[in-house]
Undergrad: 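Quick one: the structure is below, questions incoming.
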Amino acid sequence: MSSSLGLTPEIVAYLAAANPPEHPALAKCRAETAALGRAAGMQISAEQGALMAWIARLLNARRAIEVGVFTGYSSLVVALAMREMHAGARILACDVSETWTQHARRYWAEAGVDAMIDLHLRPAVETLDAVLRSGEAGHYDLAFIDADKTGYDAYYERCLALLRPGGVLLFDNVLWDGKVALADADDPDTQALRAIARKARADARVHAVMAGVGDGLLMCLKK
């Protein structure tokens, strides 16, 4: 199963025991996704999910954005946290894969949060631009980006515009299995991840910090 970069199985098990228990639909999603083979690496770790749920609670989040749904673990863990706080909470979910998101829809339904999640199956930039044109700038509390790495800059700008002051923007995979630290790694994805890290660090619009949870999580607090 997916776990944070560099953690031993023993530490992963310890974290699982120390953190709040997973909802049954989350545990099922994680276990069944692990059986998919290599693609399972696209799923966030359980400890990252616990952190994201905590961030949603800290923000008292009512409205969230997700770019990159895969089999639905991250959207489900955030939806469950938001449902505890607000009956009318909503997630705007963006993806391009009908195949993977069919799994997500099943887990959302099992957990009873499917009505909270608006899934758009088209390029995320198109969805986010449409939402901005509708006057939704500044109306979201949380955004999680876990999609094509070369699109991260475009998602950064659009999601930052959609977040309220005090909202949080999260980027997954910013350590890229350690490749970002290798001088000879210069593929487009690695370059894009280095660029978004530099951008966030220098951006006067946010307070940014990178943590080693999962495959690296870049967290930006909108000023």
Undergrad: Just checking, any donor-acceptor pair under 3.5 angstrom between side chains of His86 and Asn60?
TA: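 Checked: His86/Asn60 side chains pair up, N/O donor to acceptor below 3.5 Å.
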
Undergrad: Check the hydrophobic clustering (I, L, V, M, F, W, Y; side-chain heavy atoms under 4.5 Å; chains of links allowed) and say if Trp176 and Leu182 are grouped together.
TA: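 No; tracing contacts between hydrophobic side chains, which count when under 4.5 Å, never links both residues.
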
Undergrad: Can you measure from OG1 (Thr71) to CD1 (Ile44) and round to the nearest 0.5 angstrom?
TA: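 Thr71 atom OG1 to Ile44 atom CD1 measures 9.5 Å (nearest 0.5 Å).
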
Undergrad: Give, for atom CZ of Arg106 and atom OG1 of Thr101, the distance between the pair rounded to the nearest 0.5 Å.
TA: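 The CZ atom of Arg106 sits 12.0 Å away from the OG1 atom of Thr101.
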
Undergrad: Report yes or no: does Lys222 contribute a side-chain atom to a donor-acceptor pair with the main-chain N or O of Leu163 at less than 3.5 Å?
TA: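 Yes; at least one donor-acceptor contact below 3.5 Å.
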
Undergrad: Apply the test side-chain contact (heavy atoms from CB on, under 4.5 Å) to residues Val206 and Leu221: give CA-CA distance (whole Å), side-chain angles for both, the deciding distance (0.1 Å), then the verdict.
TA: CA-CA 5 Å; Val206 302; Leu221 174 67; 5.9 Å; no

Undergrad: Ignoring hydrogens and geometry beyond distance, is a side-chain donor-acceptor pair present between Tyr73 and Glu22 at under 3.5 Å?
TA: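 Looking only at side-chain atoms, Glu22 and Tyr73 do form a donor-acceptor pair, the distance falling under 3.5 Å.
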
Undergrad: Just by distance, do the side chain of Arg90 and the backbone of Ala115 share a donor-acceptor pair under 3.5 Å?
TA: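 At least one qualifying donor-acceptor pair exists.
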
Undergrad: Below 4.5 Å, heavy atoms only, C-beta onward: do Ile65 and Leu128 meet side chain to side chain?
TA: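 In contact.
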
Undergrad: Using modelled atom types only, decide if a donor and an acceptor are shared between the side chain of His23 and the backbone of Ala25 within a distance under 3.5 Å.
TA: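 Confirmed, His23 side chain pairs with Ala25 backbone.
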
Undergrad: Atom CG in Asn19, atom CD in Glu47: separation rounded to 0.5 Å?
TA: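 It is 8.0 Å, given to the nearest 0.5 Å.
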
Undergrad: Taking C-beta and beyond as the side chain, do Val174 and Arg194 meet within less than 4.5 Å on heavy atoms?
TA: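 The answer is no; the side chains never approach within 4.5 Å.
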
Undergrad: What is the minimum heavy-atom distance between Lys179 and Ala185, and which atoms define it?
TA: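 Between these two residues, the closest heavy atoms are O-CB, 3.5 Å.
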
Undergrad: Looking only at non-hydrogen atoms, find the nearest pair between Ala200 and Cys220 and report the distance.
TA: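 In terms of heavy atoms, the two residues are closest at CB-SG, 3.9 Å.
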
Undergrad: Does Lys223 reach the main-chain N or O of Ala204 with its side chain, forming a donor-acceptor pair under 3.5 Å?
TA: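 Confirmed, Lys223 side chain pairs with Ala204 backbone.
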
Undergrad: Can you check whether Tyr140 reaches Val131 side chain to side chain, under 4.5 Å on heavy atoms?
TA: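 Yes, side chains in contact.
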
Undergrad: For the pair Asp215 (side chain) and Asp177 (backbone), establish whether a donor and an acceptor sit closer than 3.5 Å, ignoring hydrogens and angles.
TA: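 Yes, Asp215 side chain to Asp177 backbone: donor-acceptor pair under 3.5 Å.
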
Undergrad: Checking side-chain hydrogen bond (donor to acceptor under 3.5 Å, both in side chains) between Tyr107 and each of Glu32, Arg30, Lys28, which is the one that passes?
TA: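 Filter result, single survivor: Glu32.
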
Undergrad: Hey, are the side chains of Phe144 and Asp146 touching, using non-hydrogen atoms and a 4.5 Å cut-off?
TA: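 Yes, at least one pair of side-chain atoms sits under 4.5 Å.
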
Undergrad: Is the shortest heavy-atom distance from the side chain of Val125 to the side chain of Tyr155 under 4.5 Å?
TA: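 They are in contact (side-chain heavy atoms under 4.5 Å apart), so the answer is yes.
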
Undergrad: Under 3.5 Å, is there a donor-acceptor pair between the side chain of Thr190 and the main chain of Asp186?
TA: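 Not confirmed, Thr190 side chain does not pair with Asp186 backbone.
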
Undergrad: So, for Leu132 and Ala161, which heavy atoms are closest and what is the spacing to 0.1 Å?
TA: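 In this case the closest contact between Leu132 and Ala161 is CD2-CB, 3.8 Å.
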
Undergrad: Would Gln48 and Asp172 count as having a side-chain donor-acceptor pair, cut-off 3.5 Å?
TA: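 On atom types as modelled, these side chains qualify, holding a pair under 3.5 Å.
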
Undergrad: Nearest 0.5 angstrom please: Leu119 CG to Cys94 SG, how far?
TA: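 Between atom CG of Leu119 and atom SG of Cys94 there are 8.5 Å.
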
Undergrad: Measuring from Leu162:CG to Asp141:CG, what's the distance to the nearest 0.5 Å?
TA: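 If we round to the nearest 0.5 Å, Leu162:CG and Asp141:CG are 11.5 Å apart.
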
Undergrad: Do you know which of Arg164, Met82, His139 makes side-chain contact (heavy atoms from CB on, under 4.5 Å) with Arg63?
TA: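 Single side-chain contact (heavy atoms from CB on, under 4.5 Å) partner of Arg63 among Arg164, Met82, His139: His139.
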
Undergrad: If you measure from CG on Leu7 to OG on Ser45, what distance do you get to the nearest 0.5 Å?
TA: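 Taking CG in Leu7 and OG in Ser45, the distance rounds to 8.0 Å.
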
Undergrad: May I ask you to decide whether Glu126 forms a salt bridge with Arg158, counting only side-chain N to carboxylate O separations under 4.0 Å?
TA: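 Looking at Arg158 together with Glu126, the answer is no, because their closest N to O distance does not fall below 4.0 Å.
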
Undergrad: Give a yes or no on whether the backbone of Asp189 and the side-chain of Asp187 come within a donor-acceptor separation of less than 3.5 Å.
TA: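 Yes.
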
Undergrad: Taking the side chain as every heavy atom from C-beta outward, state whether Met219 and Met210 have any pair of such atoms under 4.5 Å apart.
TA: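 When only atoms from C-beta onward are counted, Met210 and Met219 do not touch, as no gap falls below 4.5 Å.
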
Undergrad: Show your reasoning for whether side-chain contact (heavy atoms from CB on, under 4.5 Å) applies to Met116 and Trp108.
TA: CA-CA 9 Å; Met116 295 173 55; Trp108 297 340; over 6 Å; no

Undergrad: Is there a side-chain contact between Ile55 and Leu142, using heavy atoms and a 4.5 Å cut-off?
TA: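 With C-beta onward as the side chain, the pair touches.
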
Undergrad: Specify the closest pair of heavy atoms between Asp95 and Phe70, including all atoms of both residues, with the distance to one decimal.
TA: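 Minimum heavy-atom separation between Asp95 and Phe70: OD2-N, 3.2 Å.
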
Undergrad: Has Glu66 got a side-chain atom pairing as donor or acceptor with Ala93's backbone, closer than 3.5 angstrom?
TA: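 Checked: no pair found.
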
Undergrad: Within the distance-only criterion (no hydrogens, no angle test), does the side chain of Asp118 pair as donor or acceptor with the backbone N or O of Leu92 below 3.5 angstrom?
TA: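 Looks like no, no N/O pair under 3.5 Å.
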
Undergrad: Test of understanding: clusters of I, L, V, M, F, W, Y form through side-chain heavy atoms closer than 4.5 Å, transitively. Do Val96 and Trp100 belong to the same one?
TA: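 As far as the 4.5 Å side-chain criterion goes, Trp100 and Val96 are not connected within one cluster.
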
Undergrad: Taking the side chain as C-beta and beyond, is there a heavy-atom pair between Gln43 and Cys29 under 4.5 Å?
TA: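 A side-chain contact under 4.5 Å exists here.
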
Undergrad: Answer yes if the side chains of Asp203 and Tyr156 hold a donor-acceptor pair under 3.5 Å, and no otherwise.
TA: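 Side-chain D/A pair, Asp203 to Tyr156: present.
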
Undergrad: Between Arg62 and Ala89, is there a donor-acceptor pair closer than 3.5 Å when you use the side chain of the first and the backbone of the second?
TA: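 Side chain of Arg62 to backbone of Ala89, a donor-acceptor pair under 3.5 Å: no, none is there.
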
Undergrad: I'd like to know if Arg105 pairs up with Glu110 as an ion pair, taking the criterion as any Lys NZ or Arg NE/NH1/NH2 lying under 4.0 Å from an Asp or Glu carboxylate oxygen.
TA: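 No, this pair does not count.
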
Undergrad: In sequence, state the C-alpha distance, the side-chain angles, and the governing distance for Tyr14 and Thr8, and then conclude on side-chain contact (heavy atoms from CB on, under 4.5 Å).
TA: CA-CA 10 Å; Tyr14 179 83; Thr8 65; over 6 Å; no

Undergrad: Working note: Asn173 + Met42, criterion side-chain contact (heavy atoms from CB on, under 4.5 Å); need CA distance, chi angles, decisive distance, verdict.
TA: CA-CA 9 Å; Asn173 301 122; Met42 293 191 290; over 6 Å; no

Undergrad: Is the count of non-hydrogen atoms from other residues, nucleotides or ligands lying under 6.0 Å from Arg201 atom CZ greater than 12?
TA: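 Open: at most 12 neighbouring heavy atoms sit under 6.0 Å from CZ of Arg201.
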
Undergrad: So, for Ala208 and Leu218, which heavy atoms are closest and what is the spacing to 0.1 Å?
TA: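 Scanning both residues, the minimum pair turns out to be CB-CD1, 4.5 Å.
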
Undergrad: If you look at every heavy atom in Ser75 and Ile91, which pair is closest and at what distance?
TA: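 Between these two residues, the closest heavy atoms are O-CD1, 3.4 Å.
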
